[in-house]
Structures are given as structure tokens and as C-alpha cells.
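To start, the structure under review is shown below, and the notes come after it.
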Amino acid sequence: MITISGTTNIYGLIGYPVSHSLSPVMQNTAFSTTNHDAVYLCFPVHRNALSQAIDGIRSLGISGVNVTIPHKIAILSYLDQLDSVAAEIGAVNCVVNQEGVLTGHNTDGLGALKTLEAANISLNNQDITMLGAGGTTKAIAYYLAPLCHSLNIINRTEAKAVQLASRLRERFNKPITGTPLNPSTLRKAVKSTDILINTTSVGMHPNSDSSIVPEALLHSDLVVFDVVYIPLTTRLLHDAEQAGARTINGLQMLVYQGAEAFHLWTGLEPPVSTMYRSAERVLTEKIS
Ligand code: ATR
């Protein structure tokens, strides 16, 4: 337990809404486990109040923040610098304040990569299919594309998949394709892919009965990774388990992206398992 004093560092989450966030329990657990003199709070910041919030971070000396909807892209123009990943992805989910200099980072993609590594899933020679072509896909694809054999981005709006795929193809010089979402493309992709990642919100509470992938397409040679974490076992993951596939839930990625933020802020090794258990406990309490 941290004793708050005159030297306690303040971290937080800016976004709207933020009251449901698991980041406070995760980060405060990490601070107390490592005896780091810091506290993490949630700051509800409306869309039109971002500029004042950034001034507040500077003037109050807040040491760092996570950034969520609706500010992940808008915040780019308020920061002093971006790391190369955030600049390339065009979105920031973590800010470090070093003596008034605000640097933007994006830990989503690295969080996804670390999640796969922790599950001992090698990307070498693997064909990956990603469902969705939004900000989350972009962040994750940026890390997986250089390591895998091929990447297929399947999206309801075809143009977004094609555009993202072509950008990634140019950047990584790999077989990366953008495909429209329909029963035939889905069947073909799921049949031949090694790793299937859902980055859309389909299956999220309260629509927990929905899944983009029909149960009959899933098979035991797949690794299925869903970024949705409410519920922990989504319909997609449930069906994948039934089919004998390996599954990875979205809470693991949430924890790993938070662990990367913790590391950027403190320079310390994040206590990942303890962070995961604390987030899982709160999530289970919220759902029940
Ligand atoms: P994020 O930043 O979390 O990725 P986003 O940028 O809004 O959020 O992207 C959401 C993704 O989920 C998009 O690829 C979206 O498809 P469209 O580009 O066609 O909008 C996808 N998505 C959301 N709801 C969906 C649904 N019901 N069926 C299929 N795809 C869906």
C-alpha cells in the first residue's frame, strides 16, 4: 500500500468515459507491488477539454497519462514529441511527462505482441488474419507484420482494409492483403490461417452472443485472439475452445499494454501476473 506524501508521483487516464476503466486497479497494484511512490487516477476529460487537460498535466506536474477514446488521435497535435511507433500509427495511448516535455507513445501493438510471446506463440512463418481495420488493428499489425509470414486484414468496409494493407505492404514488403468481410472470404481465410485476431468490438457486452466467425469454420489448428475483454470468454473464444483451438483473451492484451506504459513511466519491470490478477478480480466483480 502506497502512503501518499508530498513526493508521490501522479499518473492517470484521460478520456471520456473513464469510470469503467481497469487501469487504476492494474497500475496502483503495480505501483504498490514495486514500492513505487505513485498513484493512478481517472480523469474524465470531454472532447472539447483536451487542450486544458494537457495544460493541467504540465502545470500540475502529472508524471504521465494513458489516453483513451475520444483523444487518442486528437492528442497528437498537443504533444512535444512522439516516439516513432506513435508517429507511424498516428495514435497515442500513453504520455510520459519528463520535466515538462510531453512524449506520446502507443503501447497497444507491443502489448499484443508481448501477449502472444507470453503464450509461447511464435509468429515465424505464420499466416495471420485480422478482423477489423480500425485503430487497434493498425497498432497491432504494425508489430506483427514484420514477424509473420503473411497478413490478411478483413473488414466490413473494404476500402479501409485495402488502404491499411497497402500502407503496411509498402512499409514491411510482405504479403499483406485487404479483404472485404463476407461469408466466402471469411471461410477461405479461417480455413488456411494460423492465427485469427478479432480487433472489432463484435461480441462485447451487452452483445455477448455475437461473433463475426460462424462456429463451424473454427478448427483445432488455430490460435484465436480476441481483443474484447468483457466478457472474458467471448462467443468467439467459446466457439474456438469448443473447436479445440488455442485461445487468448483481450484482458491479457489490456494488461500487457498497461505493463508497457508502467515500464515507460517508471523504468521498472512490470509485475504482469499481479496486474492481471487484480484486473481480472475487478472485472469479475463488475460482471457478476
Ligand atoms: P478501434 O480504434 O477500437 O479499432 P475503430 O477504429 O472504430 O475502433 O474500428 C472498429 C473496427 O471494428 C472497424 O474495422 C469496424 O469496421 P468498419 O471499418 O466497417 O466500420 C469494425 N466493426 C465494428 N462493428 C462491426 C460489426 N458489427 N461487424 C463487422 N465489423 C465491425
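Both counts, for ligands and for their atoms, begin at 1 and track the order of listing.
The ring pair (Phe, Tyr, Trp, His ring centres under 6.0 Å) check on F262 picks up F31, with sequence neighbours excluded. Considering only residues two or more places apart in sequence or on other chains, H263 meets the ring pair (Phe, Tyr, Trp, His ring centres under 6.0 Å) condition with none of them. R58 is linked by a side-chain contact (heavy atoms from CB on, under 4.5 Å) to I54, D80, L102, counting only residues two or more places apart in sequence or in another chain.
Using a cutoff of 4.0 Å between basic side-chain nitrogens and carboxylate oxygens, R171 and E88 are scored as salt-bridged. Under 4.0 Å is where a charged nitrogen must lie from a carboxylate oxygen, and between D108 and K72 at least one such pair does.
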task = Evaluate the criterion side chain to side chain contact (heavy atoms under 4.5 Å, CB included) for residue pair V95 and V65; output intermediate values, then yes/no.
result = CA-CA 5 Å; V95 174; V65 290; 3.7 Å; yes
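Near ligand 1, residues G132, A133, G134, G135, T136, N155, R156, T157, K160, L181, T200, V202, I212 each place a heavy atom inside the 4.0 Å sphere around the ligand atoms.
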